[in-house]
Colleague: 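Mind having a look at this structure? Questions to follow.
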2 protein chains.
Amino acid sequence: MNLSTSEENYIKSIYHLQLAADTSTGSVVNTNALAKQLNTKAASVTDMLKKLKTKKLIQYERYYGFKLNEKGTQTALSIIRRHRLWEYFLVSKLGFDWDKVHIIAEELEHVSSMELIKKLDTYLGNPKIDPHGDPIPDVNGRLPVIKQINLFMLPLKKTGIVSSVGNQSPQMLEMLKHYGIGIGSQIKINKVFDFDNSLEIKLVKQPACIISEQVAKNIFVYHD
Amino acid sequence: MNLSTSEENYIKSIYHLQLAADTSTGSVVNTNALAKQLNTKAASVTDMLKKLKTKKLIQYERYYGFKLNEKGTQTALSIIRRHRLWEYFLVSKLGFDWDKVHIIAEELEHVSSMELIKKLDTYLGNPKIDPHGDPIPDVNGRLPVIKQINLFMLPLKKTGIVSSVGNQSPQMLEMLKHYGIGIGSQIKINKVFDFDNSLEIKLVKQPACIISEQVAKNIFVYHD
DNA sequence: AAAAATTTTTAGGTTTGTCTAAATTTATTT
DNA sequence: AAATAAATTTAGACAAACCTAAAAATTTTT
Ligand SMILES: [Mn+2]
Ligand SMILES: [Mn+2]
Ligand SMILES: [Mn+2]
Ligand SMILES: [Mn+2]
């Protein structure tokens, strides 16, 4: 389809606003909200809406409202896929902290090679969840049903993959770095200590260690 | 400085044309050559030259000629650094073939985060040579002096890093893939067979194997 | 249902990077 | 030293993505 960076950003923003909208009322996104989200003016939004309509990515009738059609939705999911895969890469491979990656992924997501995303996905091990706990759409634009659970819910001796963390404060980051726990880490619970609910955990290539209930409560994992 | 993608592409092209130019004649780049390189028209080049002059990246006097000044040269080297690091990443981590990465790196090189390039460099192990055998400028814009040598010149039992390959035909690629040899591979020569000049080599995590003189001649390595 | 407030669109500009065609300047031939 | 050719620049336009200010449509209040 070959969309400009600007067109892609509009599509993505419409998608996110549609999701956030109260669907029960059947309401669609409004021009002002989109302008605000994209840090631009309502007049510019109207200009772009006309273009996106001629490109058959949205339904749009002036004054009436607008929303993504099937093609637009698939386009949005593909951009979001690229965004979240890059975020995953930046955290799990380059060692960025979670709070630094969104802004960089905003640029990387517009790099257009299909082959690149395919290979990146394979390289990362086909992750299903990004560093913020959001699902990564698959190649066909399907959002995975995520069985993300709290670390406490992981059965003993079963391997889970760390998928997100509830608290992203610098203090928490410091602790997790110390333990060597990051997004994508394979983690097992060896033992629960009933005294204080602390857990003995095991990470690959690391000796077992003990984490407090407070830390464990903030770690989410998924497993097959 | 915050340059647009277009400005960056001009700077980079001027740099490459200056290098290719015969410096003995003191000649500088000419407008038509730059237009051709950038797949645009001479008039567009003139427009951009004016802008690059006001941004103090080039010396330029109308009809007289133009060339990068110190600031422009440093800018070019920084873009080339990003380009080549991404190419290295695409080949060594994502498994792309050499002939596919340039076009993707042309997009990735414009992603502007300094921190990203710093971490990418570290992640890749501070490579000095890109998959095409071209030197990667360091953070300070210095081009490394490269001790790239033919594999035959590598002393027995010394580890070399595969830096480039003289023949990039699909046939060669097929062979190298079979042997598990790629850019960045750590390679050692165990033995030279005088009969046909074939080499027994050893790659990390792989059993020793033998390669023909013809293959070895096309492999270049560097070592401390 | 009229008035007021809000939302959305149009009208008319600006900036960036491009283009074609024409005018200048410089280089090369006669 | 002209004349001719080639390279370069200017003039004038265009598309994309913005903008401000004003007009039009819709929604909410009285
Ligand atoms: Mn994000
Ligand atoms: Mn995210
Ligand atoms: Mn290249
Ligand atoms: Mn290269």
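The figures that follow rest on heavy atoms only: side chains count, while hydrogens, waters and symmetry mates do not. Order of the sequence lines fixes the chain letters, A, B, ..., with proteins taken first and strands second; residue numbering starts at 1 for each chain.
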Colleague: What is the distance from CG of A:Asn9 to P of D:dA16, rounded to the nearest Å?
Modeller: 17 Å

Colleague: Taking 4.0 Å as the cut-off, does a side-chain nitrogen or oxygen of A:Asn32 come that near to OP1 or OP2 on C:dT8?
Modeller: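 The answer is yes; a side-chain N or O of A:Asn32 sits under 4.0 Å from OP1 or OP2.
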
Colleague: Measure from NZ on A:Lys36 to P on C:dT7 and round the result to the nearest Å.
Modeller: 11 Å

Colleague: At under 4.0 Å, does any side-chain N or O of A:Ser44 touch on OP1 or OP2 of D:dC19?
Modeller: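 Affirmative; the distance criterion is met.
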
Colleague: Give a yes/no on whether any side-chain N or O of B:Arg62 is located under 4.0 angstrom from OP1 or OP2 of C:dT24.
Modeller: no

Colleague: To the nearest angstrom, how far is B:Met48 atom CE from C:dT18 atom C1'?
Modeller: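 For the pair B:Met48 CE and C:dT18 C1', the rounded distance is 10 Å.
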
Colleague: Does A:Tyr60 have a side-chain nitrogen or oxygen under 4.0 Å from the phosphate oxygens OP1 or OP2 of C:dT9?
Modeller: yes

Colleague: When the distance from OH of A:Tyr64 to C1' of C:dT9 is rounded to whole Å, what number comes out?
Modeller: 18 Å

Colleague: In whole angstroms, how far is the P atom of D:dA25 from the CD atom of A:Glu61?
Modeller: 15 Å

Colleague: If you compare every side-chain N and O of B:Tyr63 against the phosphate oxygens of D:dA6 (OP1, OP2), does one of them come in below 4.0 Å?
Modeller: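 No, B:Tyr63 has no side-chain N/O under 4.0 Å of OP1/OP2 on D:dA6.
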
Colleague: Students often get this wrong, so: under 4.0 angstrom with heavy atoms, is B:Asp47 touching a base, only sugar-phosphate, or nothing?
Modeller: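 It contacts base atoms.
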
Colleague: Please find the pair of heavy atoms, one from A:Ala105 and one from A:Glu87, that lie closest to each other, and give the distance.
Modeller: CB-CG, 3.5 Å

Colleague: Would A:Lys119 pass as a cation-pi partner of B:Phe96, given that its NZ or CZ must be under 6.0 Å from the six-membered ring centre and within 45 degrees of the axis?
Modeller: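 Yes, A:Lys119 and B:Phe96 form such a contact.
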
Colleague: Expressed as a whole number of angstroms, how long is the span from A:Leu3:CG to D:dA16:C1'?
Modeller: 14 Å

Colleague: Give a yes/no answer on whether the side chain of A:Thr46 brings an N or O atom under 4.0 Å of OP1 or OP2 in C:dT10.
Modeller: no

Colleague: Looking only at the side chain of A:Lys50 (C-beta and beyond, no hydrogens), which of the listed nucleotides C:dT10, C:dT20, D:dT8 gets closest?
Modeller: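 Nearest to the side chain of A:Lys50 among the choices is C:dT10.
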
Colleague: For A:Leu38 and D:dC18, what is the distance between atoms CG and P respectively, to the nearest whole Å?
Modeller: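 It is 8 Å, rounded to the nearest whole Å.
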
Colleague: Under 4.0 Å: is that the gap between some side-chain N or O of B:Asn30 and OP1 or OP2 of D:dT8?
Modeller: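 Yes.
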
Colleague: Looking at A:Ser6, I'd like to know whether one of its side-chain N or O atoms comes within less than 4.0 Å of OP1 or OP2 on D:dC18.
Modeller: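 Indeed, a polar side-chain atom of A:Ser6 lies that close.
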
Colleague: Can you find a side chain N or O atom of B:Lys41 that sits less than 4.0 Å from OP1 or OP2 on C:dT18?
Modeller: no

Colleague: Taking the cut-offs as 6.0 angstrom to the six-membered ring centre and 45 degrees off its axis, would you call B:Lys93 and B:Tyr123 a cation-pi pair?
Modeller: yes

Colleague: Using the side-chain contact (heavy atoms from CB on, under 4.5 Å) rule, pick out the option among B:Ile129, B:Leu176, B:Leu203, B:Ile181 that qualifies with B:Val162.
Modeller: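 Only one of B:Ile129, B:Leu176, B:Leu203, B:Ile181 forms a side-chain contact (heavy atoms from CB on, under 4.5 Å) with B:Val162, namely B:Ile181.
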
Colleague: Whole angstrom is fine here: how far is it from CZ in A:Phe66 over to C1' in C:dT9?
Modeller: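 Interatomic distance, CZ of A:Phe66 to C1' of C:dT9: 13 Å.
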
Colleague: Does A:Arg81 come within less than 4.0 Å of A:Asp121, counting only side-chain N to carboxylate O?
Modeller: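 Result for this pair is yes, salt bridge flagged.
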
